[in-house]
Asks: 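Below are the structure tokens for one structure; questions will follow.
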Amino acid sequence: MPDTLTIIDNRTGKRYEVPILYGTYPTYGAAIRGADLRQIRVSEDDFGLMSYDPAFLNTASTKSSITFIDGDRGILRYRGYDIAELAEKSTFLEVAYLLLHGELPTIDQLEDWTCWIKRHAFIHENVKKFMDGFRYDAHPMGILVSTVAALSTFYPESKNVLDPAVRRKQAYRLIAKLPTIAAFSYRHRMGFPYTYPAEDLGFTGNFLKMMFERPGRTYEPHPVLTRALDVIFLLHADHEQNCSANAMRSVGSSHPDPYVAVAAAAAALYGPLHGGANEQVLRMLHDIGSIDRVPDYIRRVKAGELRLMGFGHRVYKNYDPRARVLKEMAGQVLEITGSTPLLRIALELERIALEDDYFISRKLYPNVDFYSGIICQALGFPTDMFPVLFAIPRVAGWLAQWQEMLEDPEQRIARPRQVYTGPDLREYVPIEDRS
Ligand code: CMC
């Protein structure tokens, strides 16, 4: 059987054969090239047929070997490794290496990688001065987006994006500096002196120390809580062509330095429909306030008055495998930090929603944000830090997506088409003649 698609244009009766392109296996995605549709025309001066796909519901913008998601079966894999196995056996830094290099590191490679990341965790003292300029109540995500963009001015060589050695160095810097910027943004708001990165702690333990160490007191990150945050980081490290990865690739495709491209990706992440959702989940649980108010909340969601935050996903039409890991982890964390009524409200919301036809028929299941907010709150993070906690690990995924885009000979500057629906050519009317 030929691997082609036959298209008959009923306007002209003409027949076209277009090749079908496959991923590694047919189940990993199949597509026709959008450009192959351009030959379908009604006349010589016709522009040619395009595919119309607002919000990219069914458009593959790239081939990719980084992350695989099967949303119907609830599968997520990084470079072929199942997310649940990585969450059980790996660490965020190892996964960041995997995403960027395609393979798990050897002992020496991991040591080297960790050492470079630690070395780049400091930020230039001038960056601190930038951060001091923000208002006392500035949202930490706003601070993060602007500060990462400002890093562009500190590393002018970073614009040589086609040089792999330059790219590698910026990857160390970005992965290493994001926790520092994130912690400083929090401390700025709290009026605490900044705590500098500590080389003797791991990536996540160091971040917790920079966040929570109080002047005059030594801070020892709790191993179970540190591991919980590390798993949250690992689970958020990449998610194939989502809104922010698409922003990273799209902005990166015009070849600016990675700092401004990461700032654009982080801005995309900031929105409540993407990385801002875990913050919204917590606000929602607070608004509900008690288990007996859950049914009324569900009624309002079904009436279209509200969305159940942390539910539903563009890709997962099954239980998000990351939510499964975090649901279990929420229990472990709360055993240490002390229980909160929010977890009970969340469990009740989930129970009712998973039995309700509104959610079943629309295939709405808990996504990663449903439980991550509860854990982050239990770890002591204020809600407006939640999207920042998402951005810290996701930078590894953005960099992997960016690198893959730059190395792909088929990629060029991202430039979608449109179907124009405005007026046809008309003459300019002088202002005095306009009614
Ligand atoms: N609560 C209630 N109804 C919902 C929800 C929800 N959370 N999500 C989708 N629906 C309904 C929606 O109203 C629509 O119903 P109808 O067909 O009657 O109009 C149907 O389900 C399909 O929804 P959609 O908006 O067309 O789906 P989408 O693929 O465009 O949106 C989404 C995906 C994640 C933006 C959406 O499910 C949502 O707003 N969820 C809440 C926000 C959230 O949790 N976001 C985090 C996503 S996971 C993190 C990440 O990977 O970025």
Side-chain angles (χ1 to χ4, degrees), residues 53-59 66-72 74-78 83 141 232-249 265-285 287-288 294-327 346 349-376 383 386-398 401:
D53 190 12
F56 304 119
L57 288 181
N58 194 38
T59 291
I66 303 170
T67 292
F68 172 70
I69 302 175
D70 181 334
D72 290 331
I75 292 174
L76 168 62
R77 294 180 199 145
Y78 294 157
I83 196 68
M141 197 62 181
I232 290 186
F233 283 169
L234 179 159
L235 295 175
H236 284 84
D238 192 53
H239 211 231
E240 55 118 301
Q241 306 314 312
N242 53 80
C243 178
S244 57
N246 184 59
M248 182 76 194
R249 281 177 173 264
L269 186 72
Y270 192 1
L273 298 189
H274 189 7
N278 50 11
E279 188 178 345
Q280 300 304 325
V281 171
L282 250 269
R283 293 195 199 289
M284 173 186 80
L285 295 175
D287 284 351
I288 297 173
V294 169
D296 188 53
Y297 196 86
I298 295 270
R299 183 193 58 72
R300 293 178 66 198
V301 169
K302 286 163 61 178
E305 286 173 42
L306 303 159
R307 282 213 158 187
L308 188 50
M309 299 312 286
F311 255 70
H313 201 277
R314 172 63 58 80
V315 180
Y316 293 115
K317 301 303 169 198
N318 202 324
Y319 210 102
D320 180 337
R322 302 168 298 175
R324 210 182 290 286
V325 174
L326 290 180
K327 183 177 179 179
L349 262 181
E350 183 190 324
R351 189 189 65 75
I352 296 185
L354 292 182
E355 286 173 356
D356 192 299
D357 192 52
Y358 175 94
F359 298 92
I360 295 170
S361 62
R362 290 169 179 78
K363 298 189 176 169
L364 299 171
Y365 294 89
N367 60 49
V368 68
D369 293 314
F370 196 65
Y371 287 104
S372 68
I374 294 174
I375 299 179
C376 294
T383 38
F386 293 0
V388 173
L389 297 175
F390 192 158
I392 290 172
R394 185 53 65 87
V395 76
W398 292 330
Q401 299 285 344

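The shown structure was predicted, so the numbers you read here are calculated from the model rather than taken from an experiment. One-based numbering, in listed order, for ligands and for the atoms of each.
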Asks: Among all protein heavy atoms, pick the one closest to atom 25 (O) of ligand 1 and tell me residue, atom and distance.
Replies: R307 NH2, 2.9 Å

Asks: Run the ring-centre check on Y78 versus H239 and record whether the distance is less than 6.0 Å.
Replies: no

Asks: Hey, looking at atom 7 (N) of ligand 1, which of L364, D369, L308 has the closest heavy atom?
Replies: L308

Asks: Apply side-chain contact (heavy atoms from CB on, under 4.5 Å) to residues R283 and M309 and explain how you reach the verdict.
Replies: CA-CA 9 Å; R283 293 195 199 289; M309 299 312 286; over 6 Å; no

Asks: Roughly how far, to the nearest 0.5 Å, is CG of D238 from OG1 of T67?
Replies: 3.5 Å

Asks: Indicate the atoms forming the closest heavy-atom contact of L282 with G373, along with that distance.
Replies: CD2-C, 3.4 Å

Asks: Please state which protein non-hydrogen atom is closest to atom 51 (O) of ligand 1 and give its distance, to 0.1 Å?
Replies: H313 NE2, 3.1 Å

Asks: Give the residue and atom name of whichever protein heavy atom lies nearest to atom 2 (C) of ligand 1, and the separation in Å to one decimal.
Replies: V301 CG1, 3.5 Å

Asks: Would F311 count as being in polar contact with ligand 1, using the rule that some N or O on each side must be under 3.5 angstrom apart?
Replies: yes

Asks: Considering only heavy atoms of G310, which atoms of ligand 1 have at least one such atom less than 4.0 Å away?
Replies: 43 (C), 44 (O)

Asks: Please assess E350 against F370 for the test side-chain contact (heavy atoms from CB on, under 4.5 Å), listing each intermediate value before the final yes or no.
Replies: CA-CA 9 Å; E350 183 190 324; F370 196 65; 4.0 Å; yes

Asks: Take I288 and M284 through the side-chain contact (heavy atoms from CB on, under 4.5 Å) test and state the conclusion after the steps.
Replies: CA-CA 6 Å; I288 297 173; M284 173 186 80; 4.1 Å; yes

Asks: Check step by step if side-chain contact (heavy atoms from CB on, under 4.5 Å) holds for V325 and L235.
Replies: CA-CA 9 Å; V325 174; L235 295 175; 4.0 Å; yes

Asks: Could any protein non-hydrogen atom be found less than 4.0 Å from atom 27 (O) of ligand 1?
Replies: no

Asks: As a test of the contact definition, would atom 49 (C) of ligand 1 count as having a protein heavy-atom neighbour under 4.0 Å?
Replies: yes

Asks: Are the charged groups of R77 and D70 less than 4.0 angstrom apart, N to O?
Replies: no

Asks: Over 60° means perpendicular and under 30° means parallel, so tell me whether F359 and F311 are parallel, tilted or perpendicular.
Replies: perpendicular

Asks: Could you check whether Q280 and R307, counting side-chain N and O atoms only, form a donor-acceptor pair closer than 3.5 Å?
Replies: no

Asks: Indicate, as side chain, backbone, both or neither, the part of Q280 found under 4.0 angstrom from ligand 1 when only non-hydrogen atoms are considered.
Replies: neither

Asks: Using non-hydrogen atoms of the residue, decide whether Y358 is closer than 4.0 angstrom to ligand 1.
Replies: yes

Asks: Could you list the atoms of ligand 1 found under 4.0 angstrom from a heavy atom of A277?
Replies: 43 (C), 44 (O), 45 (N), 46 (C)

Asks: Which residue holds the protein heavy atom closest to atom 47 (C) of ligand 1, what is that atom called, and what is the gap in Å?
Replies: N367 ND2, 3.6 Å

Asks: Which residue and non-hydrogen atom of the protein lie closest to atom 42 (C) of ligand 1, and at what distance in Å?
Replies: M309 CE, 3.5 Å

Asks: Answer side chain, backbone, both or neither: which part of H274 comes under 4.0 Å from ligand 1, heavy atoms only.
Replies: both

Asks: Distance to 0.1 Å, residue and atom name: give those for the protein heavy atom nearest to atom 34 (C) of ligand 1.
Replies: G312 O, 3.7 Å

Asks: Any cation-pi pair here, R362 with Y358, using under 6.0 Å and within 45°?
Replies: yes

Asks: I need the nearest protein heavy-atom contact for atom 29 (O) of ligand 1: residue, atom name and distance, please.
Replies: R314 NE, 2.7 Å

Asks: For atom 18 (O) of ligand 1, state which one of R362, R394, E305 supplies the nearest heavy atom.
Replies: R362

